[in-house]
Amino acid sequence: MVTTDLPWIAARIPERVDGLEKETRAAKLLYDAHDDAGYEAAVAKIYSRLRSTWERGLEDVALCGVVTRHRDYINTKDLAKVTVLQPQDVLDFQAAFKKCCDQTDAHDPSRGRNAAPPPPDEVLADIAKVRPWMDAIRERQKAVG
């Protein structure tokens, strides 16, 4: 099968964010049509992919590729760039990552929780947090060299 886009696993973070925004706009049609089951499934997939995007951001941006999963070496030449991480960067990552985990099918939620998935505008707002987080870290990393 030929597609115009890279597979999700090979997509860079900006392409992933663009794809997530498109998926959310498509899910909004389900939301507007009151297809609760369809919307819930779509949102779970979106947050699962958003979670993997945050993971990729941690690996590629915050850790500057110093440590990359399944690679046989550590890239020490960019180690100093990791020092730009601030406590707020960590808190922002953790909050966004936790929300993704709470919305995915990867975790079995409490029966008592039974929370509805967030509305499309909130999903888009959560997706929109990725770029500024990465941009702020990259900007500080430029000063390190």
Side-chain angles (χ1 to χ4, degrees), residues 1-75 78-79 81-142 144:
M1 179 180 288
V2 177
T3 64
T4 58
D5 298 323
L6 288 172
W8 180 259
I9 196 164
R12 292 181 18 232
I13 296 168
E15 287 85 17
R16 286 179 173 209
V17 170
D18 290 343
L20 289 167
E21 290 169 344
K22 289 175 189 168
E23 289 179 37
T24 303
R25 287 191 291 276
K28 185 179 185 314
L29 299 174
L30 300 170
Y31 180 84
D32 292 342
H34 304 288
D35 179 353
D36 294 340
Y39 179 70
E40 185 175 339
V43 168
K45 180 180 177 187
I46 290 165
Y47 275 99
S48 179
R49 288 182 160 206
L50 181 57
R51 182 177 122 178
S52 70
T53 300
W54 277 105
E55 288 175 347
R56 182 69 55 89
L58 183 64
E59 187 175 49
D60 291 355
V61 178
L63 298 178
C64 305
V66 170
V67 178
T68 301
R69 292 171 284 180
H70 309 295
R71 189 174 64 194
D72 293 336
Y73 65 93
I74 295 174
N75 178 18
D78 289 326
L79 184 58
K81 291 181 180 180
V82 176
T83 64
V84 305
L85 289 178
Q86 300 174 353
Q88 191 60 50
D89 298 325
V90 175
L91 293 173
D92 291 344
F93 176 89
Q94 289 173 328
F97 194 77
K98 180 183 182 322
K99 184 161 185 187
C100 291
C101 291
D102 289 346
Q103 295 298 325
T104 66
D105 290 332
H107 301 280
D108 188 27
S110 163
R111 289 182 204 120
R113 184 169 161 251
N114 198 22
D121 290 345
E122 186 175 337
V123 177
L124 284 171
D126 289 337
I127 294 167
K129 293 175 184 176
V130 175
R131 282 188 176 135
W133 182 82
M134 290 187 325
D135 291 345
I137 292 171
R138 282 186 173 140
E139 194 60 36
R140 292 192 306 268
Q141 288 170 338
K142 287 179 189 176
V144 172

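All heavy atoms count here, side chains included; hydrogens, waters and symmetry mates do not.
To the nearest 0.5 Å, atoms CD1 (Ile13) and CG (Leu20) are separated by 11.5 Å. A distance of 10.5 Å separates OG1 in Thr104 from CG in Leu50, rounded to the nearest 0.5 Å. Put simply, CE on Met134 and CD on Glu139 are 13.0 Å apart, with the number rounded to the nearest 0.5 Å. In this structure, Cys64 SG and Ile137 CD1 are separated by 8.5 Å, a value rounded to the nearest 0.5 Å. Atoms NZ and CG, from Lys129 and Asp126 in turn, are 4.5 Å apart once rounded to the nearest 0.5 Å. Interatomic distance, CG of Leu58 versus CG of Asp89, reported as 10.5 Å (0.5 Å rounding).
Within 6.0 Å of atom CD1 in Ile74, 12 or fewer heavy atoms from other residues, nucleotides or ligands are found, so the atom counts as exposed in its surroundings. Within a 6.0 Å radius of CZ in Arg131, more than 12 heavy atoms belonging to other residues, nucleotides or ligands are found.
Between Phe93 and Trp133, the ring planes are tilted. Angles from 30° to 60° get that label.
Taking 4.0 Å as the cut-off between side-chain N and carboxylate O, Lys22 and Asp18 do not count as a salt-bridged pair.
Here the rule is side-chain contact (heavy atoms from CB on, under 4.5 Å) with Ile127, and of Glu21, Arg49, Glu23 only Glu21 fits it.
In this structure, Tyr47 and Val123 have side chains that are in contact, with non-hydrogen atoms separated by less than 4.5 Å. Looking at Asp92 and Trp54, their side chains never come closer than 4.5 Å, going by heavy atoms from C-beta outward. In this structure, the side chains of Tyr39 and Pro120 come closer than 4.5 Å at one or more pairs of heavy atoms.
Partners of Gln141 according to the side chain to side chain donor-acceptor pair (under 3.5 Å) rule, which considers only residues two or more places apart in sequence or in another chain, do not exist here. Shown here are the side chain to side chain donor-acceptor pair (under 3.5 Å) partners of Asp121, two or more places apart in sequence or in another chain: there are none. Applying the side chain to side chain donor-acceptor pair (under 3.5 Å) test to Glu59 and every residue at least two apart in sequence or in another chain returns Arg69.
In this structure, the side chain of Arg56 engages the main chain of Ile9 through a donor-acceptor pair within 3.5 Å.
Between Arg16 and Ala11 the shortest heavy-atom distance is NE-O, 3.3 Å.
Because its NZ or CZ atom is both nearer than 6.0 Å to the ring centre of Tyr73 and within 45° of the ring axis, Arg71 counts as a cation-pi partner of that residue.
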